[in-house]
*Asks:* 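Quick one: the structure is below, questions incoming.
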Amino acid sequence: MQLLMKTIDRQILRLALPSIVSNITVPLLGLCDVTVMGHVGGAEGIGAIAVGSMIFNVMYWLFVFLRMSASGLTAQAYGAHRWADTRRLLRRSLTTALLFGIAIVVLQMPLRRLTFWLMQVQPQAEQLCTTYYYICIWGAPAVLGLYALTGWFVGMQNTRVPMLIAIGQNIVNIGLSLTLVLVYGMGLKGVAIGTLVAQWAGFAFALWRVKGEGWKVKGEGWREEGDGLKASPSTLHRTLFLRTLCLVSVNLYFTSAGSAQGPLILAANALLMQFFTVYSYMMDGFANAGEALAGRYYGAGDGPMLSLTVRRLFLWGGAVTLLFTAVYWLLGPWLLTLFTDDTAVVVQATVFLPWAVLIPLAGMAAFVWDGIFIGTTRSRGMLAACFWAAVVFFVLWFALSPLWGNHALWVALLSYLSARGLVQTWLWRKSRPTA
């Protein structure tokens, strides 16, 4: 048993660590754009990129189901040594992603009007935002295609390629943006082109690596026959999309409710949400490991290894959670001053800091279960957990906000995170998937 636990631990870390590096590097794409424009474009350029990045982040977030479904189903086919199914899943996922991406490009004009209205883009910023939007929109097929390819690589037990893609995209983006802006004086257009080329470069590299990944695993013991998928891709897409809508509704409303309480509360909440963001970078890595390993052993029909994987994932998740909770508790006030030098915002954020310290404890189970549920393609369970957790969030906010104000918003958020984990725990114990 000790040998098996060590084997699982090595597999978890082999998959989780590259994913963590990828998660850390992804925000650098937006940070690079803001930094370049901050030195040559002034406040207008920074604002245009901030708004444009937010528009694309929200738009693409709705399609994250492409990565999740590819990851879980591919991991199961990998575990069952069904080579034909891994290829079939790759074709299906990539085709679906590219069709969605092409549709976004075709519908770019009505989408621009809709997203600009939703984001309440101010007239003085509309021209620059429009320029950024109409260049970066051509990256939609590459971004969504990369979602599908990343999920496929994770399912094939390889998180190293997605890490290399994330690092390579940053190198291309930084180098090209600096060249176009500083050497050729292209300003915002240069930044947008740098982002666009980086997106297509990452997609091209991923396609190139697909063939090598296939030849690496194809060999003795791999079967070519039949479609043995345990879940319908279209069903997964639908339920995971609805789950994402629940997530988006809570996240956007959290920001909206903070904004309604004034700019100081809005800034304080944004500052404290950095605690959640940093923690999520770490836990998403272990969730990705859960997708790959849970799917692999579920597909292989190895119930004991699946159960052991679940236990070890929660052990690692618990260790990371205790570490982050201790850091936030001991260094929280100092971290706030590291994020900003605005004294008024720091003072306001300190009032709500105890709630942010509890984020890791409230959210750990949800992160770990998400990876396991994706790997075992229990998308309906994920949807149910997010739906009821969202209900908890809105009920608590509307019930408590007249008395507790922004404290109620944080109580609602922490309860939402906890509810997701509790519902998924109950669902797993109620009907564990038969391997």
Side-chain angles (χ1 to χ4, degrees), residues 11-31 57-58 60-72 74-75 143 146-155 157-167 169-170 240 243-244 246-248 250-251 273-295 309-310 312-325 327-328 359-376 379 382 385-386 389 413 416-417 420-421 424:
Q11 291 175 342
I12 289 173
L13 292 177
R14 178 179 61 81
L15 292 164
L17 293 179
S19 293
I20 292 169
V21 174
S22 299
N23 293 336
I24 293 172
T25 58
V26 166
L28 292 179
L29 278 170
L31 181 61
N57 287 341
V58 173
Y60 293 147
W61 195 13
L62 295 174
F63 293 94
V64 74
F65 64 82
L66 294 168
R67 190 199 67 78
M68 292 179 176
S69 60
S71 172
T74 303
V143 172
L146 196 52
Y147 278 5
L149 290 171
T150 298
W152 187 79
F153 280 118
V154 171
Q157 316 296 297
N158 186 340
T159 56
R160 185 171 175 269
V161 169
M163 178 189 71
L164 294 176
I165 292 170
I167 294 173
Q169 283 184 312
N170 278 286
L240 290 173
R243 169 189 176 269
T244 302
C246 292
L247 292 175
V248 170
V250 170
N251 288 337
M273 282 302 289
Q274 299 307 308
F275 287 58
F276 178 83
T277 301
V278 173
Y279 173 70
S280 70
Y281 289 160
M282 183 70 68
M283 288 305 300
D284 274 339
F286 288 96
N288 288 342
E291 294 174 28
L293 294 175
T309 298
V310 171
R312 301 309 291 182
L313 283 168
F314 269 96
L315 181 66
W316 281 103
V320 171
T321 295
L322 291 177
L323 174 63
F324 272 80
T325 301
V327 170
Y328 290 167
I359 285 174
L361 293 172
M364 185 273 288
F367 277 103
V368 176
W369 279 128
D370 278 352
I372 295 166
F373 272 51
I374 291 169
T376 54
S379 59
M382 295 177 69
C386 279
L413 178 67
Y416 156 79
L417 292 172
R420 281 174 54 191
Q424 286 174 296

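Heavy atoms only: backbone and side chains are in, while hydrogens, waters and symmetry mates are out.
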*Asks:* Scan for salt bridge (Lys or Arg N to Asp or Glu O under 4.0 Å) pairs involving residues 13-22, sequence neighbours excluded, and state none if there are none.
*Replies:*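 Residue pairs with at least one partner in residues 13-22: there are none.
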*Asks:* If the condition is ring pair (Phe, Tyr, Trp, His ring centres under 6.0 Å), which residues does Tyr147 pass it with, not counting sequence neighbours?
*Replies:*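 Tyr147 satisfies ring pair (Phe, Tyr, Trp, His ring centres under 6.0 Å) with no other residue.
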*Asks:* With rounding to the nearest 0.5 angstrom, report the CD1 to CG distance, Ile165 to Asn170.
*Replies:*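 The CD1 atom of Ile165 sits 12.5 Å away from the CG atom of Asn170.
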*Asks:* Please round to the nearest 0.5 Å and tell me the distance separating atom CG of Asp370 and atom SG of Cys386.
*Replies:*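 Going from CG on Asp370 over to SG on Cys386, the span is 6.5 Å.
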*Asks:* Please examine the side chains of Pro360 and Tyr328, heavy atoms only from C-beta on, and report whether any two atoms are closer than 4.5 Å.
*Replies:*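 Yes, their side chains come closer than 4.5 Å.
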*Asks:* Can you name the closest pair of heavy atoms from Ala365 and Gly421 and give their distance?
*Replies:*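 So the minimum-distance heavy-atom pair works out to CB-CA, 3.9 Å.
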*Asks:* Should the pair Phe286 and Trp316 be assigned to parallel (<30°), tilted (30 to 60°) or perpendicular (>60°) ring geometry?
*Replies:*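 Rings of Phe286 and Trp316: parallel, under 30°.
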*Asks:* Of all heavy-atom pairs between Gly317 and Val368, which one has the smallest distance, and what is that distance?
*Replies:*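 Answer, listing the atom of Gly317 first, then Val368: CA-CG2, 4.5 Å.
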*Asks:* Return the CH2 to CG distance between Trp61 and Asn251, rounded to the nearest 0.5 Å.
*Replies:*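 Rounded to the nearest 0.5 Å, the CH2-CG separation comes to 4.0 Å.
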*Asks:* Distance check, rounded to the nearest 0.5 Å: Leu322 atom CG versus Met364 atom CE?
*Replies:*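 If I round to the nearest 0.5 Å, the distance is 8.0 Å.
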*Asks:* Does any part of the side chain of Met282, heavy atoms only, come nearer than 4.5 Å to the side chain of Val278, both counted from C-beta?
*Replies:*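 Answer no - side chains too far apart.
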*Asks:* Working to the nearest 0.5 angstrom, can you tell me the gap between Asn288 CG and Asn23 CG?
*Replies:*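 Between atom CG of Asn288 and atom CG of Asn23 there are 6.5 Å.
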*Asks:* Does Arg243 form a side-chain contact (heavy atoms from CB on, under 4.5 Å) with Met68? I'd like the steps, not just the answer.
*Replies:* CA-CA 12 Å; Arg243 169 189 176 269; Met68 292 179 176; 3.4 Å; yes
*Asks:* Under the rule for salt bridge (charged side-chain N to carboxylate O under 4.0 Å, His left out), what residues qualify as partners of Arg312, not counting sequence neighbours?
*Replies:*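 Counting only residues at least two positions away or on another chain, Arg312 forms a salt bridge (charged side-chain N to carboxylate O under 4.0 Å, His left out) with Asp9.
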*Asks:* Please check this pair: side chain of Thr25 against backbone of Ser22, looking for a donor-acceptor N/O pair closer than 3.5 Å.
*Replies:*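 At least one qualifying donor-acceptor pair exists.
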*Asks:* With a 3.5 Å distance limit and no angle check, can you tell me whether Thr376 reaches the backbone of Ile372 through a side-chain donor-acceptor pair?
*Replies:*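 Checking the backbone N and O of Ile372 against the side chain of Thr376, a donor-acceptor pair under 3.5 Å is found.
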*Asks:* Measure the shortest side-chain to side-chain distance between Tyr279 and Phe367 over non-hydrogen atoms and say whether it is less than 4.5 angstrom.
*Replies:*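 A side-chain contact under 4.5 Å exists here.
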*Asks:* To check you understand the geometry: which heavy-atom pair defines the closest contact between Ala294 and Thr309, and what is its length?
*Replies:*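 Here Ala294 and Thr309 meet closest at N-CG2, 4.4 Å.
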*Asks:* Side-chain contact test, heavy atoms from C-beta onward, threshold under 4.5 Å: evaluate it for Leu247 versus Tyr416 and give yes or no.
*Replies:*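 With C-beta onward as the side chain, the pair touches.
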*Asks:* Just jot down the ring pair (Phe, Tyr, Trp, His ring centres under 6.0 Å) partners of Phe314, sequence neighbours excluded, or say none.
*Replies:*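 Counting only residues at least two positions away or on another chain, Phe314 forms a ring pair (Phe, Tyr, Trp, His ring centres under 6.0 Å) with Trp369.
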*Asks:* With a 4.5 Å heavy-atom cut-off, do Phe153 and Thr159 have their side chains touching?
*Replies:*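 A side-chain contact under 4.5 Å is absent here.
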*Asks:* Below 4.5 Å, heavy atoms only, C-beta onward: do Phe63 and Thr244 meet side chain to side chain?
*Replies:*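 Counting from C-beta outward, Phe63 and Thr244 never come under 4.5 Å.
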*Asks:* What are the two closest non-hydrogen atoms of Gly285 and Ile20, and how far apart are they?
*Replies:*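 Result for this residue pair: CA-CG1, 3.8 Å.
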*Asks:* Would you please name every residue forming a side chain to side chain contact (heavy atoms under 4.5 Å, CB included) with Ser379, sequence neighbours left out?
*Replies:*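 Side chain to side chain contact (heavy atoms under 4.5 Å, CB included) list for Ser379, sorted by chain: Leu236, Thr239, Leu240.
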*Asks:* With sequence neighbours excluded, tell me which residues meet ring pair (Phe, Tyr, Trp, His ring centres under 6.0 Å) with Tyr60.
*Replies:*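 With sequence neighbours excluded, Tyr60 shows a ring pair (Phe, Tyr, Trp, His ring centres under 6.0 Å) to Phe56, given in chain and number order.
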*Asks:* Can you measure from CG (Leu313) to CD (Glu291) and round to the nearest 0.5 angstrom?
*Replies:*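 Going from CG on Leu313 over to CD on Glu291, the span is 11.0 Å.
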*Asks:* For a quick test of reading the model, state the closest non-hydrogen atom pair linking Val248 to Leu62 and the distance between them.
*Replies:*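 Heavy atoms only, the tightest pair is CG2-CD2, 4.1 Å.
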*Asks:* Measure from the side-chain N and O atoms of Gln424 to the backbone N and O of Met382, and report whether any donor-acceptor pair falls under 3.5 Å.
*Replies:*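 Side chain of Gln424 to backbone of Met382, a donor-acceptor pair under 3.5 Å: no, none is there.
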*Asks:* Judged by atom type as modelled, is there a donor-acceptor pair below 3.5 Å linking the side chain of Ser280 to the main-chain atoms of Thr277?
*Replies:*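 Between the backbone of Thr277 and the side chain of Ser280 there is a qualifying donor-acceptor contact (under 3.5 Å).
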